[in-house]
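Working notes, beginning with the structure itself.
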Number of protein chains: 2
Amino acid sequence: MNELKLKTAFDPYFEAPVEVWKKFTDLCQQVSFKKNDIIKQSGETEKNAYFILEGACGIFLWKENNYVCLDIVLENNFFADHMSLITAKISSLETIALEKTTALRISKANIDKLKKSPFGSVLFLIGAESSFVEKQQQQIDLLMKTAEQRYNELFKKNPELIQRIAQKHIASYLGITTQSLSRIRKK
Amino acid sequence: MNELKLKTAFDPYFEAPVEVWKKFTDLCQQVSFKKNDIIKQSGETEKNAYFILEGACGIFLWKENNYVCLDIVLENNFFADHMSLITAKISSLETIALEKTTALRISKANIDKLKKSPFGSVLFLIGAESSFVEKQQQQIDLLMKTAEQRYNELFKKNPELIQRIAQKHIASYLGITTQSLSRIRKK
DNA sequence: TTGCTTTTTTAACCTATGGTAACTTTTTTG
DNA sequence: CAAAAAAGTTACCATAGGTTAAAAAAGCAA
């Protein structure tokens with residue numbers, strides 16, 4: 001079941017037989033979170049990665065009494081505080097379930113084991129590379145576009161996300177206040 | 001000679017014997033650029049990565065009649081339009097030598113070959129992961145900090161870069177105009 | 001349903017940064 | 001080395017988006 005979901009999600013990037021994904025899922029536990037559950041707290045080290053089966057999660061950074069949202073991830077994608085997972089250091093990022101969520105959890109120990117296999121090294125290389133590309137695109141958007149352009153493009157690219165996720169999170173993901181987002185939406 | 005430079009640069013991340021780096025440099029050609037040479041033009045596909053031996057390079061995106069700088073890279077680091085290299089698609093990014101530069105050039109074909117070796121798969125995984133971490137930090141800085149904070153932190157972290165690189169590039173890297181940077185510097 | 005909490009909207013005012021333009025300094029080039 | 005081009009500075013006004021505050025709407029628990 002789950003191995004098929006993973007295969008489907010990754011086939012566009014590289015094809016691996018379903019038995020290989022089965023081995024992957026055998027290393028995972030299924031976990032679930034309630035809406036607003038904190039998955040990883042600020043100041044801790046990330047010890048897992050998650051493949052979201054259903055729901056949505058976000059990664060946040062607190063700044064005095066409010067916060068910014070660095071990423072919002074929907075089902076059929078990997079999710080984690082990748083920075084902390086990669087550096088194996090504590091990070092001040094917080095990961096939160098933004099909806100009732102079920103996910104496959106894989107431990108860092110198992111990730112490290114997998115990285116040594118041909119399959120794992122390709123999987124995580126592709127994961128890291130596409131995360132980089134996505135982050136660079138976010139950097140470009142922040143540097144070159146107005147808040148209004150960023151909102152319109154997000155809306156076009158992922159209208160479902162805008163329906164499902166609270167505006168305060170979307171606003172902070174776009175780098176603006178909820179007031180500004182509201183102002184933009186009025187148009 | 002060059003293999004030692006590479007070993008020294010990468011030992012903090014993972015240690016490989018110098019003979020392995022020798023094999024790496026055997027796949028490279030040494031190239032040099034004059035200041036302001038365009039290494040890869042907008043609209044082309046990146047066909048190489050570079051390890052900068054001496055000098056500095058930047059990666060830029062044009063926006064009507066001006067531009068933003070996505071990254072400035074000094075000697076002893078890898079440099080490329082990674083996005084285009086990864087996706088193997090054209091990108092509108094432009095890479096430019098910001099100083100007289102000498103570098104080791106490795107072709108995408110050789111990179112792909114290397115990725116299949118144990119050494120290469122670790123090297124490029126670590127490269128992609130640390131590029132991601134760096135990009136995420138840039139995203140955080142853009143979302144949470146003022147231009148003045150970003151300037152002061154860059155100055156603290158890399159005072160040499162501020163000496164060597166033209167202010168117009170630094171300004172665009174920080175996401176501001178040269179006029180704003182000038183205003184900040186006056187303090 | 002009712003009442004309480006959280007989220008979203010609206011509005012008035014403020015600030016950091018952008019745009020334009022004139023001027024000065026530095027760098028490049030014949 | 002002088003002339004020309006590029007880069008940096010300064011001053012002015014314009015504006016996107018922040019801040020504060022409060023009302024309205026939506027969500028949620030009892």
Side-chain angles (χ1 to χ4, degrees), chain A residues 34-38 55-56 58 60-69 72 96-100 138-155 161-187, chain B residues 33-38 55-56 58 60-69 72 94 96-101 139-155 161-187:
Chain A
K34 293 195 298 291
K35 183 171 176 176
N36 295 323
D37 272 2
I38 295 175
F60 296 89
L61 178 53
W62 290 86
K63 171 200 197 178
E64 288 123 54
N65 52 347
N66 70 342
Y67 65 90
V68 296
C69 174
I72 297 170
I96 302 181
L98 302 178
E99 297 178 332
K100 188 173 179 309
Q138 283 180 274
Q139 181 196 15
I140 291 170
D141 292 346
L142 286 170
L143 285 171
M144 308 228 317
K145 293 172 184 165
T146 64
E148 192 170 341
Q149 285 176 297
R150 293 201 294 278
Y151 176 77
N152 288 330
E153 285 172 22
L154 180 63
F155 186 84
L161 189 148
I162 289 184
Q163 299 305 317
R164 284 164 57 179
I165 305 298
Q167 284 181 44
K168 60 174 186 169
H169 295 138
I170 292 172
S172 94
Y173 176 71
L174 295 173
I176 57 178
T177 58
T178 63
Q179 291 89 323
S180 289
L181 179 56
S182 193
R183 195 153 35 189
I184 288 167
R185 281 163 57 88
K186 209 163 38 163
K187 303 190 186 177
Chain B
F33 303 104
K34 293 194 298 290
K35 183 169 176 176
N36 296 323
D37 273 2
I38 295 176
F60 296 88
L61 179 52
W62 290 86
K63 170 200 194 177
E64 289 123 55
N65 52 347
N66 69 343
Y67 64 90
V68 295
C69 174
I72 298 170
E94 191 168 281
I96 302 181
L98 303 178
E99 296 179 332
K100 189 172 179 306
T101 295
Q139 181 196 14
I140 291 171
D141 292 346
L142 286 171
L143 285 171
M144 308 229 317
K145 294 172 184 164
T146 64
E148 193 171 342
Q149 284 176 298
R150 294 201 294 278
Y151 176 77
N152 288 330
E153 285 171 23
L154 180 64
F155 185 84
L161 189 148
I162 289 184
Q163 299 306 316
R164 284 165 58 180
I165 305 298
Q167 284 180 44
K168 60 173 186 169
H169 296 138
I170 291 171
S172 94
Y173 177 71
L174 294 173
I176 57 179
T177 57
T178 63
Q179 291 89 323
S180 288
L181 179 56
S182 196
R183 193 155 37 191
I184 288 168
R185 281 164 56 90
K186 209 164 37 163
K187 303 192 187 176

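In what follows, every chain begins at residue 1, and chains take the letters A, B, ... in the order their sequences are listed. All heavy atoms count here, side chains included; hydrogens, waters and symmetry mates do not.
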From CG of L142(B) over to P of dG17(D), roughly how many Å is that when rounded to an integer? 14 Å
Check the distance between dG18(D)'s C1' and L174(A)'s CG and give it to me in whole angstrom. 15 Å
Using only atom types and a distance under 3.5 Å, with no angle test, would you say the side chain of S172(B) pairs donor to acceptor with the backbone of C69(B)? yes
Separation of dT17(C) atom P from K145(A) atom NZ, nearest Å, is 22 Å
Which whole-number value in Å describes the distance from Q167(A) CD to dA26(D) P? 11 Å
Any side-chain N or O of S180(A) below 4.0 angstrom from OP1/OP2 of dG18(D)? yes
Whole-Å distance between dT10(D) P and K186(B) NZ? 5 Å
Do R185(B) and S182(B) have a side chain donor and acceptor closer than 3.5 Å? no
Compare every heavy atom of M144(B) with every heavy atom of W62(A), then report the nearest pair and how far apart it is. O-CE, 4.2 Å
Go through the N and O atoms of the side chain of R183(A) and the base of dG18(D), and report whether any donor-acceptor pair is under 3.5 Å. yes
Does dA16(C) have OP1 or OP2 sitting under 4.0 Å from an N or O in the side chain of T146(B)? no
Just N and O in the side chain of S182(A): are any of them under 4.0 Å from OP1 or OP2 of dT8(C)? no
For Y151(B) and L181(B), the nearest pair of non-hydrogen atoms, with its separation, is CD1-CD1, 3.4 Å
Distance, rounded to the nearest Å, where K35(B) contributes NZ and dT26(C) contributes P: 15 Å
Base, sugar-phosphate alone, or nothing: which one does T178(A) contact when heavy atoms must sit under 4.0 Å apart? base
Determine whether a donor-acceptor pair (one donor, one acceptor, N or O, separation below 3.5 Å) exists between the side chain of Q179(A) and the base of dT19(D). no
Does the side chain of I176(B) come within less than 4.5 Å of R150(B)'s, by heavy atoms? yes
Tell me: NE2 of H169(A) to P of dT8(C), nearest whole Å? 9 Å
Output the rounded distance in Å from CD1 (I176(B)) to C1' (dT9(D)). 14 Å
